[in-house]
Amino acid sequence: MFPDKRAATSLALFCKVVDNFGDIGICWRLARQLRREHAIAVTLWVDDLRSFQRICPGVALDVEQQMIEGVTVRHWHTQESMFMPGDVADIVVEFFACDIPPGYITAMAECDPPPVWLNLEGLSAEEWVEGCHTLPSPHPRLPLTKYFFFPGFTNKTGGLIHEASLEEQRQRFHADPAAMSDFLAKLGLTQPEIGSLKTSLFCYPHAPVSALFETWRSGDVPVTCLVPEGVAIEAVEEFLGERSVPGAACTRNALTLRVLPFIPQEDYDKLLWACDLNFVRGEDSFVRAQWAGKPFVWHIYPQDKNLHHKKLRAFLQRYQPAGGSVTEFSLRWNGAWAADAGSKEDWARLWQAFRSDMPDIGRAGEEWTRGIRAHGDLASNLLNFVCSIKSAAEQKKV
Ligand code: TRH
């Protein structure tokens with residue numbers, strides 16, 4: 001929309017990896033998209049290159065600065081560094097209130113005009129988010145203002161990360177069954193596995209995975225479950241009877257379990273497109289499962305005092321998937337249904353119900369994603385907000 005102005009724009013994105021892969025997963029997608037689609041000169045500061053390398057194998061571990069897909073990646077490992085105003089980007093984004101280096105903030109205050117400073121928050125479907133999105137927070141000492149920017153599911157939030165060509169890529173993938181088979185075969189799947197009901201399983205260790213395996217094992221439909229290495233290790237190793245390493249696989253009655261290597265982020269999207277049902281977690285895989293338009297079950301990141309149950313319910317209320325089975329399945333999967341995870345009979349009944357709801361869930365999912373896409377994508381919404389802040393500041397000057 002503002003190509004000339006933005007072409008010269010620089011943006012620094014600061015990412016602290018709290019745990020796992022979601023923090024860097026989200027920041028990497030955003031950085032790449034800002035570079036590719038908006039020609040922004042992006043510097044991604046990240047404190048954990050090893051986690052980054054798991055989702056993006058091109059990352060080198062032993063360098064301070066590298067260029068990956070047009071994004072400058074800086075290893076952020078000290079809060080003490082000195083910065084000059086010339087080092088400061090036009091837009092500064094801290095992911096999840098990650099406390100950017102004090103020296104950088106001082107340099108920001110010396111810039112004229114100062115950069116637009118945003119705190120990119122975590123995703124929640126709760127209503128309060130709309131009231132907090134874009135709120136200013138003046139710095140207590142320096143002439144700087146930080147703005148809260150919230151991703152979300154409504155047009156009163158910043159929307160969700162969604163690349164311009166994502167939908168077209170997904171449609172192309174679906175229109176080419178040979179490419180899909182080829183993709184799955186490269187992950188080690190046999191032809192019968194490719195023809196079965198395929199599920200991907202990405203969850204935290206406390207999910208009732210053994211109960212699910214038992215349900216699938218004793219069911220009447222062949223299920224192939226693809227689980228990335230390191231996920232649900234206890235239940236996976238119990239089922240396999242051996243170590244959970246990439247390539248390990250075992251069939252027991254109706255269930256085949258196959259351990260996949262951790263794959264690059266773009267391939268993970270394809271995996272979600274290729275499976276009939278996806279179990280996802282955290283924030284980024286949860287969003288990508290929605291873009292995949294397939295039935296999914298979300299394992300939400302656990303928080304103290306079961307705060308995450310409230311967030312889960314807020315999402316389910318908005319999402320309102322077809323059939324009651326998704327709600328019960330999701331609540332049970334997250335330990336939010338009842339004190340216990342459910343008996344063998346509960347899971348068998350629930351799986352039956354879920355499976356027969358799956359076509360409707362898929363259709364409703366496609367509609368849901370069309371609805372949330374209509375609110376625009378997070379990168380574009382963020383840049384539009386930055387433009388509005390800049391022009392308000394310019395008008396104030398004249
Ligand atoms: O890994 P997560 O649990 O990450 C996070 C963090 O815990 C974070 O602190 C917390 O704030 C957040 O959850 C809610 O789940 P998430 O968000 O789904 O991130 C996983 C990323 O890993 C995502 O970008 C997809 C990617 N991925 C791959 O690239 N390859 C794979 O094989 C798999 C399984 C995932």
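Both ligands and their constituent atoms are indexed starting at 1 by order of listing. Numbering of residues begins at 1 and proceeds along the displayed sequence.
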*asked:* Using 30° and 60° as the class boundaries, would you call the ring planes of F385 and F149 parallel, tilted or perpendicular?
replied: tilted
*List, ordered by chain and residue number, the protein residues whose closest non-hydrogen atom lies under 4.0 Å from any atom of ligand 1.*
V18, D19, N20, F21, G22, D23, G25, I55, F96, F202, Y204, P228, F262, I263, P264, Q265, Y268, R281, G282, E283, D284, S285, Y301
*asked:* For H75, give me all partners under ring-ring contact (aromatic ring centres under 6.0 Å, His included), at least two apart in sequence or on another chain.
replied: H77
*Less than 6.0 Å separating the ring centroids of F329 and W347?*
yes
*For this output row, return yes or no: ring centroids of F296 and Y319 closer than 6.0 angstrom.*
yes
*In chain order, what residues pass the side-chain hydrogen bond (donor to acceptor under 3.5 Å, both in side chains) check against R370, with sequence neighbours excluded?*
none
*Please list, chain by chain and in numerical order, all residues satisfying salt bridge (Lys or Arg N to Asp or Glu O under 4.0 Å) with K270, sequence neighbours excluded.*
none
